[in-house]
Colleague: 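The structure follows.
Computed from a prediction, not measured in an experiment: that's the story for all the values here.
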Amino acid sequence: MKASGIVRNLDNLGRVVIPKEIRKVLGINEGDPIEITKVNNDIVLRKYSKGCIFCGSDKDVSEFNNVLVCSGCRKTLGQN
């Protein structure tokens with residue numbers, strides 16, 4: 001089964017517009033950095049976040065529920 005969504009064409013410079021509705025839901029604003037990665041045969045776009053979503057630390061950070069969390073905050077949250 002194929003997921004349905006909004007379809008956009010690439011322009012002649014390889015750009016694509018992320019629809020306003022999606023940007024609003026995800027909290028993406030003009031000028032925000034976007035991370036572009038390849039996962040299997042898919043292109044994944046996400047709002048770039050360098051460090052822990054709670055304290056901003058970039059030390060011992062790992063992904064937890066699709067956000068970056070440092071080891072100290074994971075301990076505070078009761079996670080390993």
Side-chain angles (χ1 to χ4, degrees):
M1 182 187 317
K2 187 175 181 178
S4 62
I6 299 170
V7 176
R8 294 284 192 246
N9 292 325
L10 286 175
D11 70 9
N12 62 341
L13 295 176
R15 298 175 296 198
V16 64
V17 173
I18 301 170
K20 182 178 181 178
E21 300 84 9
I22 293 176
R23 288 180 288 146
K24 184 176 179 181
V25 168
L26 297 175
I28 298 172
N29 300 303
E30 183 178 331
D32 286 347
I34 302 296
E35 180 179 16
I36 305 167
T37 56
K38 178 186 172 291
V39 177
N40 298 319
N41 286 325
D42 296 324
I43 298 169
V44 177
L45 304 173
R46 72 173 72 190
K47 187 173 179 177
Y48 178 73
S49 175
K50 181 179 178 182
C52 176
I53 192 165
F54 298 110
C55 70
S57 173
D58 61 354
K59 302 211 184 316
D60 195 22
V61 176
S62 61
E63 192 169 307
F64 176 76
N65 287 347
N66 296 320
V67 295
L68 296 176
V69 182
C70 72
S71 61
C73 289
R74 283 195 308 272
K75 288 178 187 173
T76 301
L77 293 168
Q79 304 295 321
N80 293 328

Colleague: Linking I/L/V/M/F/W/Y whenever any side-chain heavy atoms sit under 4.5 Å apart, do I18 and V44 land together?
Modeller: no
Colleague: Examine V39 and V67 and state if one hydrophobic cluster contains both, with Ile, Leu, Val, Met, Phe, Trp and Tyr joined whenever side-chain heavy atoms are less than 4.5 Å apart.
Modeller: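 As far as the 4.5 Å side-chain criterion goes, V67 and V39 are not connected within one cluster.
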Colleague: Taking all non-hydrogen atoms of both residues into account, name the closest pair between K47 and G27 and its distance.
Modeller: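 Heavy-atom minimum between the residues: NZ-O, 2.6 Å.
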Colleague: Working note: F54 + L77, criterion side chain to side chain contact (heavy atoms under 4.5 Å, CB included); need CA distance, chi angles, decisive distance, verdict.
Modeller: CA-CA 11 Å; F54 298 110; L77 293 168; 3.6 Å; yes
Colleague: Closest approach of C70 and C52, non-hydrogen atoms and distance?
Modeller: N-SG, 3.5 Å
Colleague: Where do K38 and N40 come nearest, in terms of heavy atoms and distance?
Modeller: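 Closest approach of K38 to N40: NZ-O, 2.5 Å.
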Colleague: Suppose we screen for salt bridge (charged side-chain N to carboxylate O under 4.0 Å, His left out). Which residues come up paired with D42, at least two apart in sequence or across chains?
Modeller: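 For D42 there are no salt bridge (charged side-chain N to carboxylate O under 4.0 Å, His left out) partners, ignoring immediate neighbours.
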Colleague: Just verifying a value: how many Å separate I43 CD1 and T37 OG1, rounded to the nearest 0.5 Å?
Modeller: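 So the gap between those two atoms works out to 9.5 Å.
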Colleague: Hey, mind stepping through L68 and I53 against side chain to side chain contact (heavy atoms under 4.5 Å, CB included) and telling me if it holds?
Modeller: CA-CA 6 Å; L68 296 176; I53 192 165; 5.9 Å; no
Colleague: I'd like to know if I6 and V17 are part of one continuous hydrophobic network [Ile/Leu/Val/Met/Phe/Trp/Tyr, side-chain heavy atoms within less than 4.5 Å].
Modeller: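 They do not share one cluster, since no chain of ILVMFWY contacts under 4.5 Å joins V17 to I6.
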Colleague: Does I34 belong to the same Ile/Leu/Val/Met/Phe/Trp/Tyr cluster as V16, with side-chain heavy atoms less than 4.5 Å apart forming each link?
Modeller: no
